[in-house]
Amino acid sequence: MMLFLMKLIGIITVRIDGFDIGIIVNRLRKECKVLSLNTKGDTVYAILPFYCESRIENISSSNNCVLEITSRKGIYFQFHKYRKRYGFVIGILVSIFLAFYLSNIVFSIRIVGTDDENVIYEVREILEEEGLKTGAFIPNLNFLKLQARLFKIDDDISWVSIGNSGSVVTVNLRLVTEKADTDEGRIPCNIIATEDAQIVDINVLVGHLEVLIGDAVSKGDLIVSGYVERRNGRVYYYHSIANITAVFERTVTFEQSIYERKVSDGETHYSRSLSFFEFDIPLPDFTFLDGSYITDKYTTSLRFLGIELPVGITITEYTEQVYKLNIYSMDEAEKMVFQKLENYEENLVGDYEVLNRDIAVEKSDSSVKLTCTYTLQGDIGIESPIFAK
């Protein structure tokens with residue numbers, strides 16, 4: 001194996017004629033890495049690695065022997081004859097650089113998972129804003145961060161995965177689809193109470209009513225049963241359907257501090273290092289960071305002609321954390337708690353009719369506290385599946 005490798009890299013075949021070949025043979029064995037050696041009369045024939053050429057010349061000259069190099073073979077000698085042809089050398093180096101560079105840039109972006117041209121156009125716009133576009137340097141891209149960003153911005157996407165194969169980046173999408181109708185809605189079930197309330201109206205379409213109008217129920221109590229026993233003694237299970245209207249109270253509390261410390265993201269700085277196997281070699285960076293930062297680190301391997309190399313670029317992202325102390329007046333804090341109450345009513349109370357609302361505001365040196373007690377009316381029934389054997 002060693003002989004084959006050396007023949008591929010470069011070897012010389014020599015003939016040495018002299019009077020004392022024993023000295024020549026001993027010196028060759030001690031001072032050179034001989035691949036093959038034999039003698040015939042006063043002549044020595046040997047095969048040596050290319051880097052032993054100057055050494056064999058010295059040995060022959062110091063022992064008054066005649067040296068003849070009969071052949072030079074291997075890659076070394078093929079390139080050696082072009083050593084003064086600088087254009088040829090530069091061309092090889094430029095070709096290697098271009099092959100390396102082109103192996104690590106984005107040539108094409110494939111959107112998989114949808115045929116909707118509007119969605120594809122929107123996704124491409126978002127990716128371009130985040131730096132993923134044709135010609136982008138792949139080691140500078142953080143695919144995990146791009147996935148999270150794309151999922152956050154586009155509400156039509158329920159799942160996304162981004163990866164690359166060579167210079168082609170593939171974006172796999174799954175779009176949000178409307179829930180298909182299934183037979184699961186016909187599973188036998190009871191209807192139970194979701195609140196501590198007083199029943200004011202009942203409309204039962206399927207099932208056996210367990211309470212009366214005017215009764216008080218607690219959260220979790222059975223209102224309509226899907227378990228019905230007939231006069232013939234046989235038991236049937238039904239998917240209960242009913243509208244249970246009740247009146248109940250709900251209390252919520254909101255508080256706004258006079259002194260509020262907020263944290264926001266500031267400038268983002270990047271440092272790069274060259275990864276070689278498990279070692280990181282920091283690249284020159286003259287940015288000095290001061291303050292509080294959160295870090296995110298990711299490594300992208302470099303490729304050459306589609307082959308992933310054990311060399312990569314590690315990018316550490318430092319996002320500055322800016323701390324700001326907001327000081328509010330009592331009037332401002334009170335206005336903010338009422339805004340919180342308004343947001344709550346828009347999002348969580350909309351399904352019920354508000355019969356009454358009692359608001360109490362407490363102020364202290366450090367905060368404003370708002371407590372609201374609602375009297376609500378609406379449907380308090382919820383399905384509870386019956387797992388019958």
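Just so it is clear, the model here is predicted, and its values are computed rather than measured.
For Glu255 against Ser367, the heavy-atom pair with the smallest separation is OE2-OG, 3.0 Å. Across all non-hydrogen atoms, the minimal contact from Tyr328 to Ala333 is CB-N, 4.3 Å. In this structure, Asp17 and Arg15 approach most closely via the heavy-atom pair OD2-NE, 3.3 Å. Of all heavy-atom pairs spanning Phe248 and Ala197, the tightest one is CB-CB, 3.5 Å. Counting all heavy atoms, side chain and backbone alike, Ile157 lies closest to Leu173 at CD1-CD2, 3.9 Å. Heavy-atom minimum distance, Ile191 versus Gly381: CG2-CA, 3.6 Å.
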Review item, side-chain donor-acceptor pairs of residues 115-122, under 3.5 Å, at least two apart:
| from | atom 1 | to | atom 2 | distance (Å) |
| --- | --- | --- | --- | --- |
| Asp116 | OD1 | Asn118 | N | 2.9 |
| Tyr121 | OH | Glu125 | OE2 | 3.0 |

Side chains of residues 217-226: which donor-acceptor partners sit under 3.5 Å, not counting sequence neighbours?
| from | atom 1 | to | atom 2 | distance (Å) |
| --- | --- | --- | --- | --- |
| Asp221 | OD2 | Ser218 | N | 2.8 |
| Ser225 | OG | Tyr227 | N | 3.0 |
| Ser225 | OG | Tyr227 | O | 3.3 |

What side-chain donor-acceptor pairs closer than 3.5 Å can you find for residues 261-268, not counting sequence neighbours?
| from | atom 1 | to | atom 2 | distance (Å) |
| --- | --- | --- | --- | --- |
| Asp265 | OD1 | Gln321 | NE2 | 3.0 |

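With sequence neighbours excluded, the residues that form a salt bridge (charged side-chain N to carboxylate O under 4.0 Å, His left out) with Arg55 are Glu31. A search for side-chain contact (heavy atoms from CB on, under 4.5 Å) contacts involving Lys133 returns Glu128, not counting sequence neighbours. Every residue two or more places apart in sequence or in another chain was checked for a salt bridge (charged side-chain N to carboxylate O under 4.0 Å, His left out) with Arg272, and none qualifies.
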TODO: Apply side-chain contact (heavy atoms from CB on, under 4.5 Å) to the pair Asp296 and Asn142, showing each step before the final yes or no.
DONE: CA-CA 10 Å; Asp296 186 17; Asn142 185 344; 3.5 Å; yes
Task: Verdict with reasoning, Val337 to Val361, per side-chain contact (heavy atoms from CB on, under 4.5 Å) - done: CA-CA 9 Å; Val337 292; Val361 177; 5.7 Å; no
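Annotation: side chain of Asn63 is not in contact with side chain of Asp20 (no heavy-atom distance under 4.5 Å). Side-chain atoms of Thr13 and Ile69, non-hydrogen and from C-beta on, never get closer than 4.5 Å to each other. Using a 4.5 Å heavy-atom threshold, the side chains of Leu141 and Val106 count as touching. Glu195 places a side-chain heavy atom less than 4.5 Å from the side chain of Arg250. Under the 4.5 Å side-chain criterion, counting only non-hydrogen atoms from C-beta, Tyr374 is in contact with Glu345. In this structure, Ile12 and Phe77 have side chains that are in contact, with non-hydrogen atoms separated by less than 4.5 Å.
A donor-acceptor pair under 3.5 Å links the side-chain atoms of Ser240 to the main chain of Cys189, judged by distance alone. Under a 3.5 Å cut-off, the side chain of Asp379 and the backbone N or O of Thr245 do not form any donor-acceptor pair. Between the Ser62 side chain and the Asn58 main chain, a donor and an acceptor come within less than 3.5 Å of each other. His239 places a side-chain N or O within 3.5 Å of a backbone atom of Ile187 that can act as its donor or acceptor partner. Checking side-chain atoms of Glu317 against main-chain N and O of Thr295 turns up no donor-acceptor pair under 3.5 Å. Of the possible donor and acceptor atoms, none in the side chain of Gln256 sits under 3.5 Å from a partner among the backbone N and O of Val368. Without hydrogens or angle criteria, Thr371 side chain to Ala360 main chain gives no donor-acceptor distance under 3.5 Å. Under a 3.5 Å cut-off, the side chain of Glu260 and the backbone N or O of Ser257 do not form any donor-acceptor pair.
One finds the CG atom of Asn203 at 11.0 Å from the CD1 atom of Ile241 (value rounded to the nearest 0.5 Å). Put simply, CG on Leu127 and CG on Leu146 are 6.5 Å apart, with the number rounded to the nearest 0.5 Å. Atom CD1 in Ile126 sits 7.0 Å away from atom CD in Glu129 (nearest 0.5 Å). Residue Asp358 holds its CG atom at 7.5 Å from SG of Cys372, rounded to the nearest 0.5 Å. Residue Ile21 holds its CD1 atom at 10.5 Å from CG of Asn26, rounded to the nearest 0.5 Å. Note that OH of Tyr352 is 8.0 Å distant from CD1 of Ile380, once rounded to the nearest 0.5 Å.
Hydrophobic clustering (side-chain heavy atoms under 4.5 Å, transitive across Ile, Leu, Val, Met, Phe, Trp, Tyr) groups Met6 together with Leu37.
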